[in-house]
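First comes the structure, then the notes that go with it.
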2 protein chains.
Amino acid sequence: MKILIVEDEPKTGDYLKQGLTEAGFVTDLARDGWDGLELAKAGHYDLMILDVMLPGLDGWQVLEGVRRAGVDMPVLFLTARDQVEDRVKGLELGADDYLVKPFAFAELLARVRSLVRRGHGSLESTVLKAADLELDLLRRRATRAGRKIELTAKEFALLELFLRRQGEVLPRSLIASQVWDMNFDSDTNVIDVAVRRLRVKIDEGFESRLIHTVRGMGYVLEAGPEGAAP
Amino acid sequence: MKILIVEDEPKTGDYLKQGLTEAGFVTDLARDGWDGLELAKAGHYDLMILDVMLPGLDGWQVLEGVRRAGVDMPVLFLTARDQVEDRVKGLELGADDYLVKPFAFAELLARVRSLVRRGHGSLESTVLKAADLELDLLRRRATRAGRKIELTAKEFALLELFLRRQGEVLPRSLIASQVWDMNFDSDTNVIDVAVRRLRVKIDEGFESRLIHTVRGMGYVLEAGPEGAAP
DNA sequence: CTTCGACGATCAGGATTTTCATATTCAGGA
DNA sequence: TCCTGAATATGAAAATCCTGATCGTCGAAG
């Protein structure tokens with residue numbers, strides 16, 4: 001699996017190259033847009049990781065050039081914070097995924113693997129839904145009944161987990177391992193507190209409640225009441 | 001590589017078994033001390049993961065039985081928080097490493113791999129030193145000139161990194177990747193702030209300073225002044 | 001020797017997350 | 001039905017961590 005990295009900042013570039021190499025990928029590193037474009041057209045790669053901010057030719061221009069040359073490969077964009085709307089632009093221009101700097105390497109690796117495996121063009125849905133609740137993974141934004149809801153990092157991760165496994169009862173231990181990467185022996189109640197914070201934000205003040213407690217088991221996110229008895 | 005897990009709590013047991021299996025190990029799971037002892041004596045394993053709190057036969061008793069039977073294999077203890085001093089006891093009794101619950105799975109995996117690779121009996125030093133500063137990884141405690149120093153999780157991780165690579169100049173990018181698992185594009189100064197907090201705790205009010213700034217490069221922890229010119 | 005610019009230090013403010021203490025709810029048995 | 005213990009909910013304080021602004025300092029160029 002060959003990956004082309006286009007990144008001008010030496011530190012970031014080396015970091016990526018080293019990390020991906022250790023993970024078993026073959027990597028080439030281009031230090032600017034022009035080199036990146038050349039390499040992309042010459043050797044054929046399974047994936048390109050493309051920084052948006054580049055001297056000379058920026059990320060989008062590189063992408064455009066690559067596509068014009070008829071080269072077909074998945075592209076993962078790296079964007080700086082703030083450039084939120086830019087991300088969307090990147091995706092519209094044919095990128096397959098994006099990542100906001102600073103990012104955890106594990107995160108990058110997960111996305112790289114996913115892209116390499118699936119090939120491009122098949123980006124997973126970036127909006128998760130349940131009833132009138134929506135979670136836009138791309139824009140990192142949540143809304144319920146049209147109202148925007150601000151979420152912190154942990155809240156976001158927790159809600160994402162709930163939405164991905166709608167209807168399933170999630171035991172605390174599972175939540176702990178997914179959201180905290182922790183093995184809990186239940187000597188803390190962080191999870192309960194986190195669930196409560198999330199509930200306040202997405203359930204309080206709305207018609208129906210989405211997060212339900214299953215005593216002795218854990219929590220579920222479910223749209224309709226299961227044992228509906230009027 | 002075969003691993004025996006002895007853990008009574010179903011959630012934790014399954015969590016371990018699943019995680020380690022996914023990581024490519026073959027695992028057996030014993031739900032109590034007696035079963036654990038039987039299995040340990042019968043099949044020969046490359047590693048045993050042993051919970052201290054077990055119904056019937058506790059972890060130490062299992063370990064003792066195993067050793068009496070002349071079975072030789074590395075043992076990783078799992079202990080609950082509070083039982084800090086117990087850990088030491090476990091190590092003295094012939095355990096090869098320990099882990100405090102709750103723990104991150106990545107942490108466990110790292111230690112498991114290390115033990116399987118090195119075999120037992122060769123536990124790395126658990127106390128790191130520099131001049132009159134000591135960091136006890138076992139007890140998660142730091143002292144300088146005998147005085148105890150309270151450290152937070154991040155501070156601890158940072159100091160551990162500094163001590164493990166004494167004398168080396170650590171660029172911010174390295175620190176970021178090690179302590180934060182983050183790729184930074186230097187649009188934040190978290191590291192500077194963290195270093196400062198650490199400095200206040202371990203350098204302020206003491207004879208010599210240990211953490212030095214190398215302009216344009218990063219930070220070093222060093223006992224003696226390098227260019228000593230009196 | 002002085003000035004300028006980049007880099008680092010420091011501080012205060014906030015946001016987030018965790019801990020802790022205390023209520024409340026629920027299921028099952030008396 | 002009423003109790004009782006365990007599980008969960010809740011509120012608020014405490015700890016930790018991050019952000020952003022400002023100030024100081026070092027080093028090189030003039």
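Each chain gets a letter, A, B and so on, in the order the sequences are listed, and its residues count up from 1.
The separation between E155(A) atom CD and dA15(C) atom P is 13 Å, rounded to whole Å. Regarding I175(B), its CD1 atom lies at a distance of 14 Å from the P atom of dC18(D), rounded to whole Å. Remark: P of dA15(D) and NZ of K154(A) are 19 Å apart, rounded to the nearest angstrom. Rounding to whole angstrom units, NE2 of residue H212(A) and P of dA7(D) are separated by 22 Å. Going from atom CG of L198(A) over to atom C1' of dT16(C) covers 15 Å, rounded to whole Å. Residue I191(A) contributes atom CD1, which lies 12 Å from atom P of dA9(D) at whole-angstrom precision. Here dC17(D) presents its C1' atom at 18 Å from CD of E150(B), a figure rounded to the nearest Å. One interatomic measurement links the two molecules: CG of D181(A) to C1' of dT17(C), which rounds to 17 Å at whole-angstrom precision.
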Please write out each protein N/O paired with an N/O of nucleotides 6-11 of chain C under 3.5 Å, distance rounded to 0.1 Å.
unit_1  : atom_1 : unit_2  : atom_2 : d
dC7(C)  : O2     : R215(B) : NH2    : 3.2
dG8(C)  : OP1    : R172(B) : NH2    : 3.1
dG8(C)  : OP1    : G216(B) : N      : 2.9
dG8(C)  : OP2    : R172(B) : NH2    : 3.3
dG8(C)  : O5'    : R172(B) : NH2    : 3.3
dA9(C)  : OP1    : R199(B) : NH1    : 2.9
dA9(C)  : OP1    : T213(B) : OG1    : 2.6
dA9(C)  : OP2    : Y219(B) : OH     : 2.6
dT10(C) : OP2    : R196(B) : NE     : 3.1
dT10(C) : O5'    : R196(B) : NE     : 3.3
dT10(C) : O4     : N189(B) : ND2    : 3.1
dC11(C) : OP2    : R196(B) : NH1    : 3.1
dC11(C) : OP2    : R196(B) : NH2    : 3.1

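Evaluation of the ring pair (Phe, Tyr, Trp, His ring centres under 6.0 Å) rule for F25(B) yields no partner, not counting sequence neighbours. F103(B) is linked by a ring pair (Phe, Tyr, Trp, His ring centres under 6.0 Å) to nothing, counting only residues two or more places apart in sequence or in another chain. Every residue meeting the side-chain hydrogen bond (donor to acceptor under 3.5 Å, both in side chains) condition with E22(B), not counting sequence neighbours, appears here in chain and number order: Q18(B). Qualifying side chain to side chain contact (heavy atoms under 4.5 Å, CB included) partners for Q178(A), counting only residues two or more places apart in sequence or in other chains: L161(A), L174(A). Partners of R111(A) according to the side chain to side chain contact (heavy atoms under 4.5 Å, CB included) rule, which considers only residues two or more places apart in sequence or in another chain, are D97(A), Y98(A), L99(A), E107(A).
Annotation: the span from L20(A) atom CG to L29(A) atom CG amounts to 10.5 Å, rounded to 0.5 Å.
In this model, the phosphate group of dT18(C) is approached by a side-chain N or O of W180(A) to a distance below 4.0 Å at OP1 or OP2. Using a 4.0 Å cut-off, no side-chain N or O of T152(A) falls inside it from OP1 or OP2 of dA15(C). Proximity of T188(B) to the phosphate of dC18(D): no side-chain N or O atom is located under 4.0 Å from OP1 or OP2.
In summary, of the residues considered (I5(A), L108(A), L50(A)), a side chain to side chain contact (heavy atoms under 4.5 Å, CB included) with L76(A) occurs for L108(A) alone.
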